[in-house]
Amino acid sequence: MGFSRIVRFVPKGDESKVLIGEPVDAAADVGLAVRKGEDVEVNVYSGSSVLEAGEPTGQTAVIDRILAPLTRREVGTIRCIGLNYKKHAEEAKMSIPEIPTLFLKPDTCLADPWPAPTIIPKHTLPSDSADYESELAIVISKEAKNVSVADALDYVLGYTASNDISSRASQFAQTQWCYSKGFDGACPIGPVLVSKDLIPDVGKLQLRGLKNGKVLQDSPLTDLIFSVAEIVSFVSQGTTLQPGTLIITGTPAGVGFAKKPQELLHDGDEFVVEILPHIGSLYNVLKNEE
């Protein structure tokens, strides 16, 4: 049996367990509800991973803490597409790319949603340059290599939300982006993984980024330069993508460094990546590294 929306979580009443399952309320924004302190009941599945979810057990549990849908071991190296929204390219004063711009994040970037803190590394604090990037993330379902655009969606398990936390001072000091976007915890994802069958056309999704309740990014995914199929095909050329591979697909216009005045991230700020319908709200609360 396949899932529609699956969440990985620690249940109330047993901190030693990690469970997966489908929210009982199929329409619930799981991230928002948990942030508000509401009980979110989940139909528990028999599997221990979203890659092998198993079957419904007939049991339910209430979420205490939402975890990233995947583990570091499962995602491996995270693939990232830069400059993939037309209006973002315009605000960055850069040309529309002819092929996807690819950079990598190590698996140590993977992080859970709130209440896990989203860390601003201490060596970047003097530059005051921590920035957000609201993104749709793709999860690969099965081994993929040299996949055609026509067949690419056959290799997609589903979608979640991500935040490509970036140090702009480090980014602009180099031509290669891996360092500035590769710090520990710089890729929180969640709150749920949504089956591609529930989202046959990502162009119908609306993505927003909100800092302390203020909307800073607001874009339909029709503004993507390269489609999900084109991204998966490109990334798989000559490279084997394992099940669980995470691909983040770029951010729309409205990033903090491009605003006047700038809207950068600081200790205590709350940033939300909201992708509707189905995926919901990824909450991150920033904390300076000590």
Side-chain touch [X]/[Y], heavy atoms, less than 4.5 angstrom:
| X | Y | value |
| --- | --- | --- |
| Glu230 | Leu224 | no |
| Val50 | Val139 | no |
| Tyr45 | Phe3 | yes |
| Lys214 | Glu263 | yes |
| Ser166 | Trp177 | no |
| Ile189 | Pro69 | yes |
| Lys12 | Asp39 | yes |
| Asp267 | Lys287 | yes |

| task | Evaluate side chain to side chain contact (heavy atoms under 4.5 Å, CB included) for Arg79 paired with Thr239, printing each intermediate quantity in order. | result | CA-CA 11 Å; Arg79 274 71 169 184; Thr239 302; 3.4 Å; yes

| request: May I ask you to decide if Thr71's main-chain N or O and Glu74's side chain share a donor-acceptor pair within less than 3.5 Å? | output: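 Yes; at least one donor-acceptor contact below 3.5 Å.
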
Which atom pairs, donor and acceptor, lie under 3.5 Å between side-chain atoms of residues 270-285 and protein residues at least two apart or in another chain?
{"residue": "Glu270", "atom": "OE2", "partner": "Arg35", "partner atom": "NE", "Å": "2.8"}
{"residue": "Glu270", "atom": "OE2", "partner": "Arg35", "partner atom": "NH2", "Å": "2.7"}
{"residue": "Glu274", "atom": "OE1", "partner": "Arg208", "partner atom": "NE", "Å": "2.7"}
{"residue": "Glu274", "atom": "OE1", "partner": "Arg208", "partner atom": "NH2", "Å": "3.4"}
{"residue": "Glu274", "atom": "OE2", "partner": "Arg208", "partner atom": "NH2", "Å": "3.3"}
{"residue": "Ser281", "atom": "OG", "partner": "Asp29", "partner atom": "OD2", "Å": "2.8"}
{"residue": "Asn284", "atom": "OD1", "partner": "Asn163", "partner atom": "ND2", "Å": "3.1"}

| query | Between Arg65 and Glu15, is there a side-chain N and carboxylate O pair less than 4.0 Å apart? | reply |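 So Arg65 pairs with Glu15 through a salt bridge.
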
